[in-house]
Amino acid sequence: MKFTLQAKDTASKARAGVLETAHGEIQTPIFMPVGTAGTVKAVHQHELVQDIQAQIILGNTYHLYLRPGLDVLHKAGGLHKFNHWNGPILTDSGGYQVYSLTEVRKIREEGVTFRSHIDGSKHLFTPENVMDTQRIIGADIIMAFDECTPYPCEYSYARKSLDMTHRWLKRCVDRFDSTEPLYGYEQTLFPIVQGSVYKDLREKSAEVIASFNRDGNAIGGLSVGEPAEEMYAMTEVVTNILPQDRPRYLMGVGTPINILENIALGIDMFDCVMPTRNARNGMLFTQHGIINIKNEKWKADFSPIEAESDLLVDQIHTKAYLRHLIRSQEILGAQIASLHNLHFYLWLVKQAREKIVEGTFYIWKEKMVKVLGQRL
Ligand SMILES: CNc1nc2c(CC[C@H]3O[C@H](OC)[C@H](OC)[C@@H](OC)[C@@H]3OC)c3nc(N)[nH]c(=O)c3cc2[nH]1
């Protein structure tokens, strides 16, 4: 997998690049719509391509492993065939999902045992078997099996967990490098930097991850409840150490402001459930700030959802109509709001990329972060 840097900002560490995968190229900085069970909730994939020009979507190993299951995905010829998405796909390894979705779980050197949140059945994820699982799903970019430490967590716990995550990474690399892709195209494995909010642990983990010399590197253990300043401080430490010529993926981030601040710190790839999850609850992100569409003030506001947007649903539908749909819990409300928010996130990173190429990113970013957080 080839990453080409095309431009670097002079006033920050922001970069613009192109990431070539077996299913097409990705212009970075990029936002990756979260598809949990093989679909981006409430958005059909022709909308992802035509309406919002999504370039890469995510799949979730934990969910797909449990349902529809590996036998179905293998018989289908992998996730791309199963959900008819011809672009790049990235899957998380499942570690985080086990911590965030299941109560009963045990973390051991061997791996993590847990009970399915669907039917309570018992399962074991190990570094080896999540590599095999991601081979069967067939994502272009797969993530190492790691432990995402909670926030806050004791220094001693963070250090012990970090050492185990590094041992698990070695097992992931050995397994991945000794198995072949199943569907005739190459996949790539990203290791994940941990270390909680401790500078020395983050430096150590970034050095270990960089030493594996993989096609790209991820930063984990953030966007787990820590203050934004801590997130930025740890990102800064890690991007100072990770190689310049490989893409950096900051997992689970974030709000529009988080994304712009982290682009300035040298991050190229982002994912977050916020644009789709919050959309279903009526929270709309716009270039003028945040709209809670359920608010009384939009009841008879017949202006377009976002006049400046080139998204059809933003122009033909009014705020009053979308408010009505969301309050009535109409499926169309979730569809319109999700498409709007994903379109906004992709517009934002595309704008950032254009400003980086133009050399005006930092000024633009400073102006945008003042506007994006305000409540309309
Ligand atoms: C929110 N803050 C957030 N999310 C972190 C995810 C999960 C990302 C994952 O987050 C949802 O899973 C729950 C998404 O599904 C709903 C997944 O998309 C398919 C997405 O996978 C990339 C992390 N994953 C790993 N493996 N390691 C991490 O340290 C880590 C940190 C995160 N912080």
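Quick note: residue numbers are just sequence positions, from 1. These numbers come from the heavy atoms of this one structure, side chains and all, not from hydrogens, waters or symmetry mates. Order of appearance sets the numbers: ligands from 1, and atoms from 1 within every ligand.
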Does atom CD of E109 have more than 12 heavy-atom neighbours from other groups under 6.0 Å away? yes
Parallel, tilted or perpendicular for Y62 and F114, by the 30°/60° rule? tilted
Indicate the ring-plane relationship of F344 and H340, choosing parallel, tilted or perpendicular according to the 30° and 60° boundaries. parallel
Min heavy-atom dist [X] to ligand 1 below 4.0 Å:
{"X": "G94", "value": "no"}
{"X": "M143", "value": "no"}
{"X": "G221", "value": "yes"}
{"X": "Y249", "value": "yes"}
{"X": "E147", "value": "no"}
{"X": "T91", "value": "no"}

Mark yes or no for whether T165, through its side chain, and E147, through its backbone, hold a donor-acceptor pair below 3.5 Å. yes
Using a 4.0 Å heavy-atom threshold (strictly under), name the region of I192 that reaches ligand 1: side chain, backbone, both or neither. side chain
Decide if the gap between the ring center of Y249 and the ring center of F270 is smaller than 6.0 angstrom. no
